[in-house]
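For reference, the structure discussed in these notes is given below.
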Amino acid sequence: MALNKQDDFVKEITKMEDDFPQWYTDVIRKTDLVDYSPVKGFMVIKPYGYALWEAIQSDLDKRFKDTGHKNVYFPLLIPESLLNKEKEHVEGFAPEVAWVTHGGSQRLEERLCVRPTSETIICSMYSKWLRSYRELPYLYNQWCSVVRWEKATRPFLRTSEFLWQEGHTLHETAEEAQAETLQMLSIYKSMCEDLLAIPVVDGLKSESEKFAGAHQTYTIEALMHDGKALQSGTSHNLGQHFTKAFDISFQGRTGEEEYPFHTSWGVSTRLIGGLIMVHSDNRGLVLPPKIAPTQVMIIPIAQKKEGVLDKAYELKAALHHADIRVDIDDSENQSPGWKFNEYEMKGMPLRIEIGPRDIKNNQMVVVRRDTLEKMTLSLDQPAKDIAELLETMQKEMLERARASRDEKTYSIESYDDFKVKQKENPGFAKGMWCGCPECEAKIKEDTGATIRCIPFEQEDLGANCHFCGAPAKHMVYVARAY
RNA sequence: CGGGGUGUAGCGCAGUUUGGUAGCGCAUCUGGUUUGGGACCAGAGGGUCGCGGGUUCAAAUCCUGCCACCCCGACCA
């Protein structure tokens, strides 16, 4: 049987059940979020994709400033000697650093690294600035991009250059640094849940998964549609590792010379990959209303008929006046059907159809992107109705994502049980762990899964490690990850 | 770094086996008719066939060297 055009269109996006990675690539390309650049692993973020990043930026930036942080900017290039100062750090990052060796045609005396992260350059400056406990805390953040020479790249999830923010703070006491580390993690968690409608598990990273040079790394972990985890944000308590290596010291309250305690924390454009893999479907993107660059798209029907466009613009003005991000597509060269599919694919939360029939009945046709539910609403108070609907959608999308994650989260009985479940129904496995790195390495070797985190919210699932039988120390989440 | 694949119009591809005027669909532009789930008719523009070397009267096609990108693994936000 011949396919009709609608089926043809849907076929342009690979079904996620058939091939999840291909589905992801199709969605990103078809919706014009990014393009590949001439340099491998480096992506161009197009306007629709960049708008998503801007929404994340403005939400987080406000939260940072509300908690006393200020924005700064440190240089892109770091002298090799600075990078080498903290041993674990340089060992962690050296394999993926890009180097600048020439200025113009002249070979440089000392090669310069393109920052893979900025702890070292920032610490070298902090060392120059800090004198007294009275100047503490330093609460700085920067929005920038970093470069890590990756072997295998995927748009948003892993690119050689990515946009992020990195906060770098100094504190007088270990307690303050720990409080800051946890505060920033909780800000990330709130942002993910409130803005992106992505539920996350928060907790501590294991020794082997922590940031190179950190005392402790905390993480938020989200679960994707395919049951793989995505590390969505990290907050590091760096202790005094860097402050001692970089000789950052100050005169304390008692007159003694002291080293401050240090934190760093970041989230990146990777979040956009998570946003796609948590909410979207086989028809394309599904964006939560709060982050959608356009929340409502109005499509006039038979727009040349008397009064249609006037009414459509009147509606747009009413919604715009209520701070709803609304747009209208009154282009004449595309049919309504084309527009329906286009904006559906782009994940715009609501579509409003308005034509002669509606105007006669003082109504509009409203279609939800998340459920594809079609409803007819009166035009008496459109701004109030649409605003409520957007709020409902935001709430329901978070609930659905949470339900989907919980459905893919299970406790395990034994290592064998874990292997079977992880294979048949990938997701978050909850199990007990003895804390030894050997166990952790074995899990990874056997199954490809890793310990994602030791969650704050602990459960007692038994006295012994599910992986080796030794006495258990923590309940952990285990999953394959991006 | 291993394994696979692909480079021909903006995008997706055919043409390569068997050398002989570079094609198709979509997109774009012009004009007209259309508009409630990817409209229709008529016309138009657009190419150093990834790059270098070779064979030949003649190369997208054969030989040879290189390059790039994509996918799957191992390593990493």
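- With a 3.5 Å ceiling on both atom-pair distances, rG47(B) lacks any Watson-Crick or G-U wobble partner.
- If you check rA22(B) for Watson-Crick or wobble pairing at under 3.5 angstrom, you find it has no partner at all.
- Sorted by first then second residue, the ring pair (Phe, Tyr, Trp, His ring centres under 6.0 Å) pairs that include residues 328-378 of chain A, not counting sequence neighbours, number zero.
- The gap from the C1' atom of rG4(B) to that of rG47(B) amounts to 30 Å, rounded to the nearest Å.
- Along RNA chain B, the nucleotide nearest to S160(A) and the one nearest to L372(A) differ in position, and the one closer to the 5' end is contacted by L372(A).
- Atom CD in Q303(A) sits roughly 8 Å away from atom C1' in rU35(B) (whole-Å rounding).
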Check the pair K408(A) / D226(A) against salt bridge (Lys or Arg N to Asp or Glu O under 4.0 Å), numbers first and verdict last. CA-CA 9 Å; K408(A) 296 188 185 73; D226(A) 62 346; over 6 Å; no
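- Going from atom CE of M345(A) over to atom P of rG37(B) covers 18 Å, rounded to whole Å.
- The partner of rG2(B), taking Watson-Crick or G-U wobble pairs whose two distances both stay under 3.5 Å, is rC72(B).
- S268(A) comes within 4.0 angstrom of a nucleotide base, judged by non-hydrogen atoms across all strands.
- One atom, CG of N333(A), and another, C1' of rG31(B), lie 14 Å apart when rounded to the nearest Å.
- Listed by first and then second residue, the salt bridge (Lys or Arg N to Asp or Glu O under 4.0 Å) pairs involving residues 183-204 of chain A are R63(A)-D194(A), K189(A)-D202(A) (not counting sequence neighbours).
- Nucleic acid contact for K339(A): none, since no nucleic acid atom lies under 4.0 Å from a heavy atom of the residue.
- Atom CD in Q334(A) sits about 12 Å away from atom C1' in rC26(B), given to the nearest Å.
- Atom C1' of rU28(B) sits at a distance of 12 Å from the matching atom of rC11(B), rounded to the whole Å.
- Under the 6.0 Å distance and 45° angle rule, K442(A) does not count as a cation-pi partner of F467(A).
- Across residues 351-368 of chain A, R351(A), E353(A), G355(A), P356(A), R357(A), D358(A), V365(A) each have a non-hydrogen atom less than 4.0 Å from an atom of RNA chain B (numbered order).
- For the P atoms, the distance from rA59(B) to rC67(B) is 26 Å, rounded to whole Å.
- Remark: Q295(A) engages no residue in a side-chain hydrogen bond (donor to acceptor under 3.5 Å, both in side chains) (not counting sequence neighbours).
- Spacing between atom CH2 of W338(A) and atom C1' of rG36(B) amounts to 17 Å, rounded to whole angstrom units.
- Partners of W265(A) by ring pair (Phe, Tyr, Trp, His ring centres under 6.0 Å), not counting sequence neighbours, listed by chain and number: F64(A), H69(A).
- Annotation: rG46(B) and rC62(B) have their P atoms spaced 29 Å apart (nearest Å).
- Atom name C1', nucleotides rA14(B) and rU8(B): the rounded distance is 10 Å, in whole Å.
- Side-chain N or O atoms of S124(A) include one that pairs as donor or acceptor with a backbone N or O of I121(A) at under 3.5 Å.
- Across all strands shown, rC67(B) is found opposite rG7(B) as a Watson-Crick or G-U wobble partner, with both distances under 3.5 Å.
- The pairing partner recorded for rU17(B) is none, the criterion being a Watson-Crick or G-U wobble arrangement whose two distances lie under 3.5 angstrom.
- Every side-chain hydrogen bond (donor to acceptor under 3.5 Å, both in side chains) that S331(A) has, sequence neighbours left out, goes to D329(A).
- Counting any heavy atom pair closer than 4.0 Å across all strands shown, I299(A) reaches no nucleic acid atom.
- Within the structure, salt bridge (Lys or Arg N to Asp or Glu O under 4.0 Å) pairs that include any residue of residues 42-57 of chain A comprise D32(A)-K46(A) (at least two apart or interchain).
- When both distances must be under 3.5 Å, the Watson-Crick or G-U wobble mate of rA60(B) does not exist.
- Remark: the separation of the C1' atoms in rA9(B) and rG54(B) is 29 Å, to the nearest Å.
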Result block: side-chain N/O donor-acceptor pairs under 3.5 angstrom for residues 149-163 of chain A, not counting sequence neighbours:
| from | atom 1 | to | atom 2 | distance (Å) |
| --- | --- | --- | --- | --- |
| T159(A) | OG1 | E161(A) | O | 2.8 |
| E161(A) | OE2 | S145(A) | OG | 2.7 |

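- Spacing between rA58(B) and rG12(B) at atom C1', rounded to whole Å, works out to 31 Å.
- The cationic atom of K70(A) (NZ for Lys, CZ for Arg) does not lie both less than 6.0 Å from the six-membered ring centre of Y140(A) and within 45° of the ring axis.
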Nucleotide N/O to protein N/O under 3.5 Å, stretch nucleotides 65-76 of chain B:
| from | atom 1 | to | atom 2 | distance (Å) |
| --- | --- | --- | --- | --- |
| rC69(B) | OP1 | K40(A) | N | 2.8 |
| rC76(B) | OP2 | K444(A) | NZ | 3.2 |
| rC76(B) | O2' | E96(A) | OE1 | 3.2 |
| rC76(B) | O2' | E96(A) | OE2 | 3.1 |
| rC76(B) | O2 | E150(A) | OE1 | 3.2 |
| rC76(B) | O2 | R158(A) | NE | 2.2 |
| rC76(B) | O2 | R158(A) | NH2 | 2.9 |
| rC76(B) | N3 | R158(A) | NE | 3.2 |
| rC76(B) | N3 | R158(A) | NH1 | 2.8 |
| rC76(B) | N3 | R158(A) | NH2 | 2.8 |

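- Applying the Watson-Crick and G-U wobble criteria (two distances, each under 3.5 Å), rA39(B) pairs with rU33(B).
- Nearest to the side-chain atoms of N341(A) among the listed nucleotides rG37(B), rU34(B), rG36(B) stands rG37(B).
- Computed from coordinates, the I13(A) CD1 to rG38(B) P distance equals 16 Å when rounded to whole Å.
- Nucleotides rG20(B) and rA27(B), compared at atom C1', are 32 Å apart to the nearest Å.
- Taking atom CG of D32(A) as the reference point, atom P of rA27(B) lies 16 Å away to the nearest angstrom.
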Protein and nucleotides 4-8 of chain B: nitrogen or oxygen contacts under 3.5 angstrom:
none

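- Taking the side-chain hydrogen bond (donor to acceptor under 3.5 Å, both in side chains) definition, one finds that Y24(A) meets it with nothing, sequence neighbours left out.
- Using a 4.0 Å heavy-atom criterion, one finds that T269(A) contacts no nucleic acid atom at all.
- For T376(A), the side-chain hydrogen bond (donor to acceptor under 3.5 Å, both in side chains) test picks out no residue, with sequence neighbours left out.
- Following rounding to the nearest Å, K46(A) (NZ) and rC11(B) (P) show an atom-to-atom distance of 11 Å.
- For the OP1/OP2 pair of rU35(B) and a distance below 4.0 Å, the side-chain nitrogens and oxygens of S335(A) include no atom meeting the criterion.
- Atom CE of residue M348(A) and atom CG of residue D327(A) lie 7.0 Å apart, to the nearest 0.5 angstrom.
- Counting only heavy atoms from C-beta on, I301(A) has its side chain closest to rU35(B) among rU35(B), rA39(B), rG37(B).
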